[in-house]
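Please read the structure below before turning to the comments.
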Amino acid sequence: MKKAFSLLLVLVVVLGMLVGCGSNSTSSSGAASSAAAAKTENPDYTLKLSLIQNEGDSNYNCVKLFADKVYEKTNGAVKVDLYPGSTLGDGAASLEGLPLGICDIWFGAICNLASYTELANIDGAPFIYSSNEHYNTVWTSDLADE
């Protein structure tokens with residue numbers, strides 16, 4: 001189960017990097033664009049991403065952006081196929097299906113990780129912090145280390 005939690009953390013980091021560090025440079029080389037076109041037809045890796053949201057939902061749109069950025073930044077070597085609307089199972093089933101290969105990436109609420117760590121219950125107390133500063137103070141303190 002640590003593998004599933006680690007995969008979730010990697011997904012969050014990669015999503016942040018891809019969205020925050022985008023590049024607008026384009027290649028003017030015909031050979032490079034031909035290679036990219038060939039790669040788009042045959043990705044080296046195809047990953048299945050499971051989410052409960054349907055098309056049109058703002059979370060779906062974010063995940064779609066993530067999938068598009070992965071495809072773009074890898075020049076078509078990595079394709080992320082989206083399975084919205086609990087197609088591969090609800091949140092808990094998809095999360096448990098990660099090590100079984102049911103899906104490769106799971107997108108869902110942190111509370112679904114509560115069976116793996118008590119820290120995932122933090123969203124159950126939405127008004128525990130009075131401000132962003134209060135949140136940062138708590139999570140950089142000795143209490144957070146505990």
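A quick note: this is a predicted structure, and the numbers were derived from the prediction, not measured. Residue indices begin at 1 and follow the sequence shown.
- Grouped with Leu100 in one hydrophobic cluster are Tyr83, Leu88, Ile102, the linkage being side-chain heavy-atom contacts under 4.5 Å among Ile, Leu, Val, Met, Phe, Trp and Tyr residues.
- Using a distance-only test at 3.5 Å, with no hydrogens or angles considered, a donor-acceptor pair links the side chain of Ser131 to the main chain of His134.
- With rounding to the nearest 0.5 angstrom, the CG atom of Asn136 is 10.0 Å from the OH atom of Tyr129.
- A donor-acceptor contact shorter than 3.5 Å links the side chain of Thr87 to the backbone of Pro84.
- Nearest heavy-atom pair across Ser50 and Gly89 is OG-O, 4.2 Å.
- Atom CH2 of Trp106 and atom CD1 of Ile52 lie 8.5 Å apart (nearest 0.5 Å).
- Atom CD of Glu96 sits about 6.5 Å away from atom OG of Ser115, to the nearest 0.5 Å.
- Here the side chains of Lys64 and Leu82 are in contact, with some heavy-atom distance below 4.5 Å.
- Side chains of Leu49 and Phe107 form a contact here, defined as non-hydrogen atoms less than 4.5 Å apart.
- Side-chain atoms of Thr74 and Tyr45, non-hydrogen and from C-beta on, never get closer than 4.5 Å to each other.
- Side-chain atoms of Leu47 and Val78, non-hydrogen and from C-beta on, do get closer than 4.5 Å to each other.
- To the nearest 0.5 angstrom, Thr46 atom OG1 is 9.0 Å from Tyr71 atom OH.
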*Using the side chain to side chain contact (heavy atoms under 4.5 Å, CB included) rule, take Val138 and Leu143 through it: C-alpha gap first, then chi angles, then the decisive distance, then the call.*
CA-CA 7 Å; Val138 171; Leu143 177 63; 4.2 Å; yes
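- Separating the NZ atom in Lys48 from the CG atom in Leu98 is a distance of 10.5 Å, to the nearest 0.5 Å.
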